Amino acid sequence: VPLNVRNAIVASKKGKAFISTGVSPTLIVAQSYIYDLERENETVRIDRDVSGQGKSLYAVANVSIGYEQKWDRTSVQIAPYLKIPTGEIGYGNLNLGGVGTQVSIKRDL
């Protein structure tokens, strides 16, 4: 579950530009590997359970900048984002990061 803080940079009655920053805590509940190793005409199966070794409170930093446009009681938001790895998680020491765009439609009740 990401934890982000959003701050309006420029705001008007109809729209607002904003920046958002935060972190994405990460917990890998179950992690296991099965390897088939070929050795001298025989196959050796290696089964390894490494569950519980993937905890990191601050594995990914989140940064985004976006714009929200409002019409009557409905608003549309678009926010390109960047997820920056700040640590390694899991048995394989993975760096989780990425880029994307969040698009949302909100309606006031």
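Every value quoted in this text rests on a predicted model; they were computed, and no experiment measured them.
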Find out whether S24 and K83 are in side-chain contact, i.e. whether some heavy atom of one side chain is under 4.5 Å from a heavy atom of the other. yes
Treat each ILVMFWY residue as a node, draw an edge where side-chain heavy atoms are under 4.5 Å apart, and state whether I34 and I46 are in one component. no
Assess the residue pair V60 and T86 against the criterion (side-chain contact (heavy atoms from CB on, under 4.5 Å)); give the C-alpha distance rounded to whole Å, side-chain angles, the decisive distance to 0.1 Å, and a yes or no. CA-CA 5 Å; V60 179; T86 59; 5.7 Å; no
Can you measure from CG (D47) to CG (D36) and round to the nearest 0.5 angstrom? 10.0 Å
Evaluate whether atom CZ of R39 has more than 12 neighbouring non-hydrogen atoms of other residues, nucleotides or ligands under 6.0 angstrom away. no
Enter the distance from Y35:OH to R48:CZ here, rounded to the nearest 0.5 Å. 6.5 Å
Is there a side-chain contact between E68 and R6, using heavy atoms and a 4.5 Å cut-off? yes
Could you tell me the separation between the OG atom of S20 and the CD atom of Q102, rounded to the nearest 0.5 Å? 8.5 Å
Can you tell if the side chain of N4 reaches within under 4.5 Å of the side chain of T21, non-hydrogen atoms only? no
Intermediate values then yes/no, side-chain contact (heavy atoms from CB on, under 4.5 Å), T101 and I78: CA-CA 7 Å; T101 301; I78 185 165; 3.6 Å; yes
Say whether Y67 and V10 are linked into one hydrophobic cluster, either directly or through other cluster members, by side-chain heavy-atom distances under 4.5 angstrom. no
Should I19 and V5 be regarded as members of a common hydrophobic cluster, given that ILVMFWY residues are connected when their side-chain heavy atoms come within less than 4.5 Å of each other, either directly or indirectly? no
Less than 4.5 Å apart, side chain to side chain, heavy atoms only: is that true for I9 and I65? yes
Just verifying a value: how many Å separate K14 NZ and S75 OG, rounded to the nearest 0.5 Å? 11.5 Å
Which value, rounded to the nearest 0.5 Å, describes the distance between Y81 atom OH and N62 atom CG? 9.0 Å
Report yes if some heavy atom in the side chain of T43 is under 4.5 Å from a heavy atom in the side chain of L37; otherwise report no. no
Counting only heavy atoms from other residues, nucleotides and ligands, does the tally under 6.0 Å from CG of D108 exceed 12? yes
Got a second to check how far K70's NZ is from K106's NZ, nearest 0.5 Å? 8.0 Å
Any non-hydrogen side-chain atom of W71 less than 4.5 Å from a side-chain atom of V76? yes
